There are 2 protein chains.
Amino acid sequence: MSNNNNVKKTGTIRVQSQQKILAAARTEFVLQGYKGATVQSIADRAELPKANILYYFKNKENIYHAVLENTLEMWDEGIGDIDPSEGPRAAIEKFIDAKVRMSFKYPEASKIYAMEIIQGAQHLKEFARTYQRKWVREKAKLFQRWIDNGEMANVDPVHLIFLIWSATQHYADFETQILTIMNRADYEEDDVEQVIAFLSDLILRGCGLK
Amino acid sequence: MSNNNNVKKTGTIRVQSQQKILAAARTEFVLQGYKGATVQSIADRAELPKANILYYFKNKENIYHAVLENTLEMWDEGIGDIDPSEGPRAAIEKFIDAKVRMSFKYPEASKIYAMEIIQGAQHLKEFARTYQRKWVREKAKLFQRWIDNGEMANVDPVHLIFLIWSATQHYADFETQILTIMNRADYEEDDVEQVIAFLSDLILRGCGLK
DNA sequence: GTCTATATTGTGATAGAC
DNA sequence: GTCTATCACAATATAGAC
């Protein structure tokens, strides 16, 4: 009876703390890798005692799982879907647009994902096997139909998807290299639009759509 | 005097052991990350006692440095140079060809490199700042001249280089994902040629060269 | 729900016998 | 040059006081 009235308040602290922990963990996992990121370093970045981290997430692997899940949800939402009726040009344009904006907005999510794949995708083989494979096959079929109808050049649809993935994610994953080469400290407002314009232009022309 | 005659033999063992260690280390660093790869795991993979690893390389960081250097040398050699006199079409074709073959032949080198960049490139900022920046600016100038001469479409040369890098390295770095999506266990002979054909075709057309 | 203290394990690195 | 034994330390995770 004495603490019935602060259930909600407690819940808010819980959610806030978990969010802070996940954000801190994402950064640490990117900078130090899974093994290199210590629970202590995550705690320091989240400005919470180490024991609290383990109170909320039980162990380090659970934190990593939570971070990965979070990342995949983003991947899923951010891409949106392709509307078959709009034709190849609009479809590719929208797809590139969405992926580039995601890369610039959530570079850490892209990096976590990339590292996971590079290291063998131990934690998300199932995701690629089921969800992604299906997604790629569906979209590839759609592109193939457009090719068969003479609406775009005869390019391999699956490799086209890989090309768009790699070219767009590159701006998140290789941020450091790109900025160093361009002699800049950070990306600027214009960069997103410029990259979208460049990639849309080149890829659409490459697909015989310009 | 008693062991004068086996100096050469000893030297060979040294070189052989170092090569075995570097190969094992490269694999471990890719699979487990810098911190996750232990000296013991490298020793096990190289089939040598742990103490021998540290005898040859002093400490773990030195092993990693040696692996990185090795990787950069490959990057350097593999790409070759662009001959300004051969024109944009041959230049881009050769560049794509070289990069794709490298990716399929030395996927681990590409992966090590990618992880290093993603994590902030602490060990090779100098490399990007000096060598790579110069390389990109030189090549970009060359492309710009071709554009100004009307020999190719007006695409941003620096972003074109990024696109070719990302699209080609993708087949090494995201190997796991690509194979899973294509429902295959390994790459096959034909794959290299197919990827080269796809990328050359799309990018050349994208540059107005087809 | 928060935090301190600590048990336990594993790692990098060295000393020293062969 | 090779390898065994060991040290010093850092990490995860838990127990239990508040």
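Everything quoted here is computed from the prediction, not taken from an experiment. Lettering of chains follows the sequences in order, A, B, ..., and the numbering in each one begins at 1.
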* To do: Over 60° means perpendicular and under 30° means parallel, so classify the ring planes of A/Phe162 and A/Trp165, tilted if in between.
  => tilted
* Give, ordered by number, those residues of residues 28-47 of chain A having at least one heavy-atom distance below 4.0 Å to an atom of DNA chain C; if nothing qualifies, reply none. =>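 Those residues whose heavy atoms fall under 4.0 Å from DNA chain C, taken from residues 28-47 of chain A, amount to none.
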Find every protein N or O atom lying less than 3.5 Å from an N or O atom of nucleotides 2-6 of chain D, and list the pairs.
unit_1: D/dT2; atom_1: OP2; unit_2: B/Tyr56; atom_2: OH; d: 2.7
unit_1: D/dC3; atom_1: OP2; unit_2: B/Asn52; atom_2: ND2; d: 2.9

Just the rounded figure in Å: distance from [atom2] of [N] to [atom1] of [X].
X       : N      : atom1 : atom2 : answer
B/Leu54 : C/dG16 : CG    : P     : 17 Å
A/Lys58 : D/dA13 : NZ    : P     : 9 Å
A/Phe57 : D/dT14 : CZ    : C1'   : 19 Å
A/Asn59 : D/dA13 : CG    : P     : 5 Å

* To do: For B/Lys60, enumerate each residue passing the salt bridge (Lys or Arg N to Asp or Glu O under 4.0 Å) test, keeping only those at least two apart in sequence or located in another chain.
  => none
* To do: Could I get the full list of side-chain hydrogen bond (donor to acceptor under 3.5 Å, both in side chains) partners for A/Lys94, not counting sequence neighbours?
  =>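 In terms of side-chain hydrogen bond (donor to acceptor under 3.5 Å, both in side chains), with neighbours along the sequence ignored, A/Lys94 is linked to A/Glu86.
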* Asked: For B/Asp201, what residues pass the side-chain hydrogen bond (donor to acceptor under 3.5 Å, both in side chains) criterion, not counting sequence neighbours?
  ->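 By the side-chain hydrogen bond (donor to acceptor under 3.5 Å, both in side chains) rule, B/Asp201 matches B/Arg205, B/Lys210.
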* To do: Applying side chain to side chain contact (heavy atoms under 4.5 Å, CB included), name anything that partners B/Asn183, two or more places apart in sequence or on another chain.
  => A/Arg133, A/Arg137
* Among all residues two or more places apart in sequence or in another chain, which pass the side chain to side chain contact (heavy atoms under 4.5 Å, CB included) test with B/Leu179? -> B/Glu175, B/Arg184, B/Tyr187
* Asked: How would you list all residue pairs meeting side-chain hydrogen bond (donor to acceptor under 3.5 Å, both in side chains) that involve residues 22-43 of chain B, not counting sequence neighbours?
  -> B/Thr27-B/Glu108, B/Glu28-B/Ser41, B/Glu28-B/Arg45, B/Thr38-B/Ser41, B/Gln40-B/Asp44
Please set out all donor-acceptor pairs under 3.5 angstrom arising from side-chain atoms of residues 120-129 of chain A, sequence neighbours excluded.
unit_1: A/His123; atom_1: ND1; unit_2: A/Glu116; atom_2: OE1; d: 3.4
unit_1: A/His123; atom_1: ND1; unit_2: A/Glu116; atom_2: OE2; d: 3.2

